[in-house]
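Scroll down for the structure; my scribbles are underneath it.
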Amino acid sequence: MSGNNLTVKERLAIPRVTMSELDPSGRSGNFLEVNTGLSKEQAMREAQRCLKCKDAPCVDGCPVQIDIPGFVAAIAEDDFHTASVILHRDNALPAVCGRVCPQEVQCEARCVLGVKGKPVAIGYLERFAADWALNHGVKPERKHLPGSSGKSVAVIGCGPAGITAAAELAAKGHSLKIFEALHDTGGVLRYGIPEFRLPKEIVDTEVARLASMGVEIECNVVVGKTITLRQVRDEYDAVFIGNGAGLPVMLGIPGENLKGVYSANEYLTRVNLMGAGQSADCATPIIRGRNVAVIGGGNTAMDCVRVARRLGAERAMLVYRRSEAEMPARLEEIKHAKEEGVELILLTAPLEIIADGEGWSSALRCQKMQLGEPDASGRRKPVPIPGEIFDLEADVVINALGTRANPLLTSTEPELALNRWKNIEADEDGATSLHRVYAGGDIVRGGATVILAMGDGKKAAAAIHEILSGSVARLEKLFQAG
Amino acid sequence: MFEVIDNEMLAPNLHRIVVRAPRIAAARKAGQFVIIRVEKGGERIPLTIGDADSSRGTITLFVQAVGATTRKLVAIPVKGHMRDVAGPLGMPTIIETWGRVVCVGGGVGTAVLYPMARALAEAGNEVTSIIGGRSGELVILADELSEFSAETLITTEDGSLGRQGFVTTVLDELLRDPARSPNAVFAVGPVPMMRAVVEMTRSRGIKTIVSLNPIMIDGTGMCGGCRVLIGGETRFACVDGPEFDGHLVDFDNLTDRLTTYREHECRAVAQISVNREAA
């Protein structure tokens with residue numbers, strides 16, 4: 001079958017593929033990946049739905065500007081190798097993005113097919129081609145030898161922003177070094193996103209791919225503490241800072257320092273990075289909880305509540321102060337969570353965590369809310385319904401409200417300009433107030449997504465490459481010579 | 001991997017471990033700590049940096065083998081390796097010229113106290129050190145502290161070394177003596193000891209700094225597991241501390257939070273004993 005010779009009518013007649021998933025009753029007791037991926041036939045058939053629009057609006061919806069019609073057409077033609085090569089040109093982590101990107105508000109939201117029907121399943125196809133490349137050991141395209149430019153760049157933080165910036169710059173022939181604060185790579189991909197959504201084997205393989213491009217990674221280096229940004233600047237021609245999210249925002253309600261109360265970061269780090277609860281002999285402990293209440297409505301809250309369910313919670317509850325329509329989490333996460341028996345307790349705000357008399361959480365006291373007038377975010381603002389207060393039994397309470405700026409590096413570099421939230425101030429290219437220092441991801445945006453961080457890494461890499469090799473470098477050389 | 005250069009048993013279950021970590025040795029200041037992981041799959045635990053030698057690129061850790069991880073840690077032989085060492089973390093001790101200061105150390109807390117006391121002495125303070133333990137063999141670093149302390153006073157609960165009693169007994173005498181009463185007190189040790197010291201200095205209005213060791217994972221402010229209540233406000237020991245004004249610390253909350261994983265720890269330690277017997 002020649003996948004690209006179909007008529008528009010024939011393409012429109014193909015129904016959107018359904019991702020096959022593990023059975024909810026079984027999967028809610030283990031950490032296996034929920035989405036099992038498309039078969040070769042499913043992927044080709046789905047790819048044939050693409051109308052190959054000339055202006056490709058989907059590409060504009062992608063923060064890293066993947067050539068979506070290009071790789072989709074290659075899948076339709078049964079040329080998965082080419083599809084994966086096209087993907088990797090613009091995306092250092094396609095197997096990750098194919099799993100965790102909110103496609104429904106990005107590429108797929110722009111798909112012309114979505115106007116009357118369902119958009120092409122671009123995310124599923126991205127995952128398919130990326131997995132194919134991982135399974136077939138497709139080597140990265142290498143136009144330049146590592147270090148051939150004679151320039152060196154340091155990347156601070158081995159998360160999505162840093163990995164992307166490093167991959168882009170290494171491919172241009174610069175010598176790259178990544179400093180990572182934790183003992184392992186991947187940043188939020190490792191400590192934040194659970195195994196059932198993003199198997200860590202994928203992170204390992206993507207990082208190994210980076211290493212195969214000649215990128216050096218040193219873990220256990222906390223820039224700002226172990227070495228200063230000044231030292232890094234002195235040693236490298238340019239620096240990209242992608243050191244990620246910082247301190248968790250606390251609830252600010254009575255009882256939040258009781259035992260059994262976690263921040264989402266702590267809960268997820270224990271389970272995802274340290275392996276707590278996943279084997280009987282794990283060195284890092286975790287309180288499992290019979291009744292677990294997670295406060296928040298984003299992807300992190302979803303991850304926590306689904307982890308809690310897998311660790312054996314009889315009631316895994318998500319407590320959110322608005323309604324389901326306002327939840328910032330990906331639609332797929334909400335769907336999966338519900339299938340797994342997660343209870344959504346909506347229009348509910350936490351007031352207090354009640355102790356059991358021995359310092360442990362026993363209940364979450366809640367205030368029932370209703371939606372009022374739209375607020376600054378355009379969403380209807382939740383307001384308390386007077387007198388409607390109730391207690392939810394909860395021996396574990398997890399706060400997934402988000403994070404504040406990470407102070408470790410910025411507090412030790414007074415010359416680095418920060419915004420009012422103490423995040424690094426950076427322009428569109430990621431340039432900061434310091435010469436040849438760029439930044440992106442959560443340290444600039446506050447809390448954002450993997451793909452937005454990657455987009456930042458990519459833009460900054462292009463700008464860094466420009467100053468290291470382009471007209472700016474030539475001007476600087478002239479200036480020095482003159 | 002971080003090579004163990006020296007591993008000496010100072011007292012039963014108490015080891016001085018010297019490990020090669022050149023970047024940390026160069027950057028470290030008194031009061032800061034590292035997070036270590038013994039092996040792949042191991043837990044992350046915080047340990048105060050007792051000393052450092054930047055020319056040799058080494059740091060010194062004092063480790064009391066009480067839990068599963070610390071037992072594995074003290075068992076690493078010379079030329080063996082720790083999987084991970086990250087730091088220096090936390091804020092350094094704020095070294096001011098107080099004049100007369102008293103440094104109080106209990107058990108392994110003396111190891112945390114030692115670099116603080118030395119930095120205070122180097123800054124021109126007159127340092128009196130009071131250190132104690134259950135018995136004489138558990139009192140550490142007495143000679144090292146004597147090198148710069150005007151006086152080094154030792155107490156043991158069983159009277160096997162120095163005065164019989166608690167460090168607080170000796171501190172109380174100093175506080176009552178106008179000629180010896182300090183302008184500031186630094187106390188590091190078990191939570192009940194620090195709490196007792198703080199209660200003694202509170203009414204006299206003597207500034208008292210304590211070093212807290214709550215449960216910690218990343219040590220970089222990311223998880224908030226190490227949160228402590230300071231003057232009614234939530235602070236993170238890893239980035240805001242580990243040293244705080246003792247008069248503002250909510251010791252009840254700290255004591256309680258430290259027991260969160262007691263059951264798990266008991267199980268893990270029991271497992272080690274079983275494994276040893278089997279081997």
Side-chain angles (χ1 to χ4, degrees), chain A residues 180-184 188 191-192 218-222 224-228 231 243-252 256-270 273-276 279-287 355 358-360 399 403-409 411, chain B residues 2 21 23-24 26-28 32 34-45 67-69 72 83-90 215 217-229 233-234 236 238-240 250 252-265 267-268 271:
Chain A
E180 167 57 45
L182 289 174
H183 62 256
D184 207 348
V188 71
Y191 76 74
E218 185 177 345
C219 288
N220 296 313
V221 178
V222 187
K225 291 286 184 187
T226 315
I227 50 176
T228 61
Q231 284 172 296
N243 62 344
L247 288 59
V249 174
M250 302 314 285
L251 294 165
E256 81 173 320
N257 292 318
L258 290 170
K259 290 176 287 185
V261 183
Y262 286 108
S263 75
N265 266 0
E266 179 179 2
Y267 190 73
L268 293 175
T269 299
R270 282 181 182 273
L273 176 70
M274 309 306 294
S279 68
D281 60 347
C282 179
T284 302
I286 186 130
I287 306 298
E358 288 176 11
W360 291 90
N399 153 20
T403 55
R404 291 185 281 138
N406 182 339
L408 279 184
L409 184 151
S411 65
Chain B
F2 295 78
R23 291 191 196 275
I24 302 171
R28 155 278 171 185
Q32 290 186 298
V34 286
I35 292 265
I36 69 108
R37 222 166 53 120
V38 173
E39 59 196 352
K40 198 167 190 286
E43 67 175 333
R44 291 169 68 95
I45 59 163
T69 298
K72 282 184 186 163
R83 185 72 161 71
D84 302 287
V85 183
L89 300 167
I215 292 164
I217 301 185
D218 62 287
T220 63
M222 193 181 87
C223 87
C226 66
R227 61 192 184 273
V228 285
L229 277 170
E233 306 234 323
T234 296
F236 293 175
C238 68
V239 290
D240 301 322
D250 183 335
D252 283 335
N253 187 249
L254 176 67
T255 307
D256 206 32
R257 285 183 63 81
L258 281 169
T259 64
T260 305
Y261 300 106
R262 188 178 279 164
E263 238 178 81
H264 173 94
E265 280 157 24
R267 267 204 313 274
Q271 190 58 44

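Chain letters run A, B, ... following the sequence lines, proteins first, then strands; residues in each count from 1. Everything numeric in this text was worked out from a predicted model, so none of it was measured.
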Item to check | Ion pair check, A:Lys259 and B:Asp256, cut-off under 4.0 Å | outcome: yes
Checklist entry - Based on non-hydrogen pairs under 4.5 Å, which of B:Gly225, B:Pro88, B:Gly224 is most in contact with chain A? => result B:Pro88
Next on the checklist: Is a donor from one side chain sitting under 3.5 angstrom from an acceptor on the other, for A:Asn257 and B:Arg257?
Outcome noted: no
Checklist entry - Do you know which of B:Val228, B:Ile35, B:Val239, B:Val85 has the most heavy-atom pairs under 4.5 Å to chain A? => result B:Val85
Item to check | Residue A:Leu408 versus chain B: region with a heavy atom under 4.5 Å | outcome: side chain
Checklist outcome for this item: Given B:Ile24, B:Ile45, B:Thr220, the one with more heavy-atom pairs under 4.5 angstrom with chain A than any other is B:Thr220
Checklist entry - At a heavy-atom separation under 4.5 Å, does B:Arg28 approach chain A through its side chain, its backbone, both, or neither? => result neither
Next on the checklist: Taking side chain as everything from C-beta outward and backbone as N, CA, C, O, which of these in A:Val221 sits under 4.5 Å from a heavy atom of chain B? Side chain, backbone, both or neither.
Outcome noted: side chain
Item to check | A:Glu218 portion near chain B, given a 4.5 angstrom heavy-atom threshold | outcome: side chain
Checklist entry - Which region of A:Tyr267, side chain (C-beta onward) or backbone (N, CA, C, O), has a non-hydrogen atom less than 4.5 Å from a non-hydrogen atom of chain B, or is it both or neither? => result neither
Checklist entry - Using a cut-off of under 4.5 Å for heavy-atom pairs, which of B:Gly90, B:Gly219, B:Ala21 has the most such pairs with chain A? => result B:Gly90
Item to check | Portion of A:Ile227 that has a non-hydrogen atom of chain B nearer than 4.5 angstrom | outcome: side chain
